[in-house]
S.K.: 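My structure is below; once you've seen it, I'll send some questions.
Each chain gets a letter, A, B and so on, in the order its sequence line appears, and its residues count up from 1.
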2 protein chains.
Amino acid sequence: MEHLELSERKRLILQAIVESHIRYGEPVGSKAIAENQQLTCSSATIRNEMAELESMGLLEQPHTSAGRIPTELGYRYYVDSLAQKYRMTAMEIEQINRTLRQKIGELDGVLESASRLISSFTNYTAVAIRPRSGSAVITRFESAYLSEHAFVLVFVFASGEVKTKTMHTPLFVSPEEHAGFMQLLNAGFTGLTAEEITLSRIVEAERVLGNLAPLLHPVVTAIYEAMNEHDGGELRIDGVGHLLEYPEYSEPAQLREMLALFEEKENLLKLVSAEDTGKDLQVHIGSENAIGAMSNSAFIYRTVRRGGKVVGAFGVIGPTRMDYSRVIAILNHLSEGISDAFDEGEDG
Amino acid sequence: MEHLELSERKRLILQAIVESHIRYGEPVGSKAIAENQQLTCSSATIRNEMAELESMGLLEQPHTSAGRIPTELGYRYYVDSLAQKYRMTAMEIEQINRTLRQKIGELDGVLESASRLISSFTNYTAVAIRPRSGSAVITRFESAYLSEHAFVLVFVFASGEVKTKTMHTPLFVSPEEHAGFMQLLNAGFTGLTAEEITLSRIVEAERVLGNLAPLLHPVVTAIYEAMNEHDGGELRIDGVGHLLEYPEYSEPAQLREMLALFEEKENLLKLVSAEDTGKDLQVHIGSENAIGAMSNSAFIYRTVRRGGKVVGAFGVIGPTRMDYSRVIAILNHLSEGISDAFDEGEDG
DNA sequence: TTTTAGCACTCGAAAAAGGTGAGTGCTAAT
DNA sequence: ATTAGCACTCACCTTTTTCGAGTGCTAAAA
């Protein structure tokens, strides 16, 4: 399927059909094609060509007396070989740049903004993903002393990410004790994966702590949770309502499946975490998605890398008749902007 | 409407109709009532009573030859005077308690868990809200030094809330400089509302800082943002998919409106922020909601107070034929649990 | 050999027609 | 005051009809 040989005319016809169907969502008839385009042949000729395209598996008919719609293969061919590069408007570029410029630094913040932007620009549902990382390691603990009974714990992960958690305790903890506690934490619990935080370590630490020992348990629990949260990945979704704009989600069953998918973040996370093929732009059409609920949808996303490793992704989910070229252009632009922002943030 | 005089029989009939309609979502006929209940009269009698209830504005007929459904007023009467106290199952209580026990301390975390719990228990869409507070004041800055080019800023708000933000800078900042910078921040920028952070303060601080002056601008921006974020309120929604379980949201238009409502957090925030009537449990039925999109929905929420001030709220949104007694019971129980958790956290 | 005009045919979608029954209001008897 | 009885209403469901966009095929034209 890499490079199916198609006559120039067939390519034009396929392109016209795909684009019309993307636009109007309805089967495309031979007459519409004949009139509309720079094709100089009659509808009868187009009918013949369409029949051939159908036998090649690029088009299909919903029923005998209807026009044609593209198959998944048809879309695939379109995306790979036919789609024109969409040229973003100055307004679009401007607005994206402006928004990104404010959000340098925190990955979560950047992804969040990206998601919002994408949703409002494309009129599709947008997702922002921080995939599960597999082995969170905390390289440092910092803390801010709030009162005798409370302090903020700051977890600094190897990835550069930072999480915080406010701890409360019935114990009376002086600033000095607090400092000592933090020193112990940094000495005994950094550089470890969740599995490496063994009971013996904890017992040993408790022994050292003396009367502050009861403080350790909730802190260790917090550490665990922070690691798991960090490992577990994050998912944000914007513009769910856009689904309703497309008749392919008008059936309650379909819609329900999608909403369930969005609510159970596991699935989408898996989808992105599973594969790092090296390609930064992923276009998954229909059943290519390997999730039942998405077999009538397209999922396009772009990964965000840091030091070669995938640390995030953002993209859109919508009907298979998605405006691929526009979406791809927007994702690419956004991606560039984000890379720039990070490069500045890192060493600039 | 406070205490409409109704005969005992009318009350029973109204209650039966409301409960049947809550359960099945369909108009209730006289026959069903007559058979079902402990009423000892015939369907004809009930028809007469129903006609009267209708003329009082408590019931209505979707069309001439259908049964009756409660009006908003009917639901209101039911909620105020008729609803039985729902008794939670041991399982429900157990699970709520267990979940809450893990989430002591961070308001956001508690609200989040509450929302999830509510959604899964009630089969309605759940919301958790931290309303806009109006005047965020930071009482203290803490910081954790990460590297010469990065540190974590911790904002401690007067409300006890804590926010963090990771700062990057191209400057080379030594630990000592960092400590000095933090000292200045605490000296010059605590106890202020956003408006009180004036340019003159900033200029003065820059003067003191000397070569570290360029650091101030991004930090002040971050402070601004943190305050606004804190002021702006937070909204979390779970179980959107549950809407689809109720035919009142089967029309795309309805659904769309709701999804739009959920995505534009402003509206819901306003709804809760606007009023602090002193009542902790709010039941808004239909048009009582003062948001067009919600005129066919009920919104029940419970506020969370701290020191007498409303700092959060959680509740459910669903069709007007909501299972009021069950929802209210669950919200109340949850609320108790949360109060307990906070009391422990504060002084325990 | 390729293209095209013409035509009979197909079949989903929308509109129209028909049937069903739950539920009503009213009247008259209890 | 209650209830049995009955004519009537009207949303909902099913069936029928109509309609037309689109097709494939054939035969003529290029």
Side-chain angles (χ1 to χ4, degrees), chain A residues 5-14 16-18 20-21 23-71 74 247-248 250-252, chain B residues 5-14 16-18 20-21 23-71 74 247-248 250-252:
Chain A
E5 295 290 336
L6 287 193
S7 71
E8 186 59 21
R9 190 167 65 192
K10 280 205 181 58
R11 290 166 57 93
L12 276 173
I13 291 173
L14 179 56
I17 290 176
V18 169
S20 166
H21 188 250
R23 188 142 177 188
Y24 302 109
E26 269 162 29
V28 186
S30 55
K31 213 173 164 188
I33 300 294
E35 282 171 6
N36 208 337
Q37 296 305 125
Q38 71 267 48
L39 294 199
T40 56
C41 53
S42 77
S43 67
T45 309
I46 297 199
R47 275 203 291 285
N48 291 331
E49 296 281 50
M50 279 162 73
E52 285 189 53
L53 284 169
E54 179 167 4
S55 74
M56 292 178 186
L58 295 167
L59 295 179
E60 67 186 327
Q61 277 181 298
H63 54 266
T64 320
S65 69
R68 301 299 207 297
I69 60 176
T71 61
E248 22 281 268
S250 63
E251 277 174 58
Chain B
E5 295 291 336
L6 286 193
S7 71
E8 186 58 22
R9 190 166 64 191
K10 280 205 181 58
R11 291 165 57 91
L12 276 173
I13 291 174
L14 179 55
I17 290 176
V18 170
S20 165
H21 188 250
R23 188 143 178 187
Y24 303 111
E26 268 162 30
V28 186
S30 56
K31 213 172 164 189
I33 299 294
E35 282 171 5
N36 208 337
Q37 298 304 125
Q38 71 267 47
L39 294 200
T40 57
C41 52
S42 75
S43 67
T45 308
I46 298 199
R47 275 202 292 283
N48 290 332
E49 296 281 51
M50 279 162 71
E52 285 188 51
L53 285 169
E54 178 166 4
S55 73
M56 293 179 186
L58 295 167
L59 295 179
E60 66 186 328
Q61 276 182 298
H63 54 266
T64 321
S65 68
R68 302 297 206 295
I69 58 175
T71 60
E248 22 280 270
S250 63
E251 276 173 60

S.K.: Does A:Arg68 offer a backbone N or O that forms a donor-acceptor pair with the side chain of A:Gln61 under 3.5 Å?
M.R.: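 Judged by distance alone, no pair lies under 3.5 Å.
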S.K.: What distance do A:Leu59 atom CG and A:Leu53 atom CG have between them, rounded to the nearest 0.5 Å?
M.R.: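 Answer for the CG-CG pair, A:Leu59 versus A:Leu53, is 5.0 Å.
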S.K.: Identify the heavy atoms of B:Pro70 and B:Val18 that sit nearest to each other, and give their distance.
M.R.: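 Heavy-atom minimum between the residues: CG-CG2, 3.8 Å.
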S.K.: So which protein nitrogen or oxygen atoms get under 3.5 Å of nucleotides 11-19 of chain D's nitrogens or oxygens?
M.R.:
{"residue": "D:dA11", "atom": "O4'", "partner": "B:His63", "partner atom": "NE2", "Å": "3.4"}

S.K.: Can you tell me how far the CD1 atom of A:Ile33 sits from the OG atom of A:Ser20, to the nearest 0.5 Å?
M.R.: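 If we round to the nearest 0.5 Å, A:Ile33:CD1 and A:Ser20:OG are 6.0 Å apart.
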S.K.: Hey, what do you get for CD (B:Glu54) to CD (B:Glu49), rounding to the nearest 0.5 Å?
M.R.: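 Going from the CD atom of B:Glu54 to the CD atom of B:Glu49 covers 13.5 Å.
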S.K.: Please list all pairs meeting salt bridge (charged side-chain N to carboxylate O under 4.0 Å, His left out) that have one or both residues in residues 31-48 of chain A, counting only residues at least two apart or in different chains.
M.R.: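 As it turns out, there is no salt bridge (charged side-chain N to carboxylate O under 4.0 Å, His left out) pair with a partner in residues 31-48 of chain A once direct neighbours are skipped.
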S.K.: Which atoms of nucleotides 26-28 of chain D (N or O only) lie under 3.5 Å from a protein N or O atom, and what are those distances?
M.R.:
none

S.K.: Kindly say whether B:Glu60 contributes a backbone atom to a donor-acceptor pair with the side chain of B:Thr71 at under 3.5 angstrom?
M.R.: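 No; judged by distance alone, with no hydrogens or angles, the pair does not exist.
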S.K.: Shoot me the first and last contacting nucleotide of DNA chain C against chain A, ordered 5' to 3', at under 4.0 angstrom to non-hydrogen atoms.
M.R.: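 Counting from the 5' end, contacts occupy C:dT3 to C:dG12.
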S.K.: Have a look at the helix from C:dT1-D:dA30 to C:dT30-D:dA1 and give the angle its two end axes make, five pairs each, rounded to 10 degrees.
M.R.: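 About 20°, once rounded to a multiple of 10°.
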S.K.: Shortest non-hydrogen contact from B:His21 to B:Glu26?
M.R.: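 What the structure gives for the nearest pair is CD2-O, 3.1 Å.
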S.K.: Could you measure the distance from the CD1 atom of A:Ile17 to the CG atom of A:Leu12? Nearest 0.5 Å is fine.
M.R.: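 Rounded to the nearest 0.5 Å, the CD1-CG separation comes to 11.0 Å.
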S.K.: Could you tell me whether a side-chain N or O of B:Ser55 sits under 3.5 Å from a main-chain N or O of B:Glu52, the two making a donor and an acceptor?
M.R.: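 The answer is yes, because a donor-acceptor pair under 3.5 Å joins these two groups.
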S.K.: For the atom pair CG (A:Asn48) and CZ (A:Arg9), what is the distance rounded to the nearest 0.5 Å?
M.R.: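 It comes to 8.5 Å.
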S.K.: Which heavy-atom pair separates A:Ala34 from A:Ser42 by the least distance, and what is that distance?
M.R.: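 That closest heavy-atom pairing would be CB-C, 4.2 Å.
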S.K.: In whole angstrom, give the distance that lies between atom CG of A:Leu59 and atom P of D:dG22.
M.R.: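 Between P of D:dG22 and CG of A:Leu59: 15 Å.
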S.K.: Do you know the tightest heavy-atom contact between A:Ile69 and A:Pro27?
M.R.: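 Shortest heavy-atom contact: CG2-CA, 3.6 Å.
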S.K.: Roughly how far, to the nearest 0.5 Å, is CD1 of B:Ile13 from CG of B:Leu58?
M.R.: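 Between atom CG of B:Leu58 and atom CD1 of B:Ile13 there are 12.0 Å.
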S.K.: If you define the side chain from C-beta out and look only at heavy atoms, does anything of B:Leu39 sit under 4.5 Å from B:Thr45?
M.R.: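 B:Leu39 vs B:Thr45: side chains apart.
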S.K.: Could you pull out the protein-nucleic contacts involving nucleotides 1-4 of chain D (nitrogen or oxygen on both sides, under 3.5 Å)?
M.R.:
{"residue": "D:dT2", "atom": "OP1", "partner": "B:Arg9", "partner atom": "NH1", "Å": "3.0"}
{"residue": "D:dT2", "atom": "OP2", "partner": "B:Arg9", "partner atom": "NH2", "Å": "3.0"}
{"residue": "D:dT3", "atom": "OP2", "partner": "B:Ser42", "partner atom": "N", "Å": "2.9"}
{"residue": "D:dT3", "atom": "OP2", "partner": "B:Ser42", "partner atom": "OG", "Å": "3.4"}
{"residue": "D:dT3", "atom": "OP2", "partner": "B:Thr45", "partner atom": "OG1", "Å": "2.3"}
{"residue": "D:dT3", "atom": "O5'", "partner": "B:Ser42", "partner atom": "OG", "Å": "3.3"}

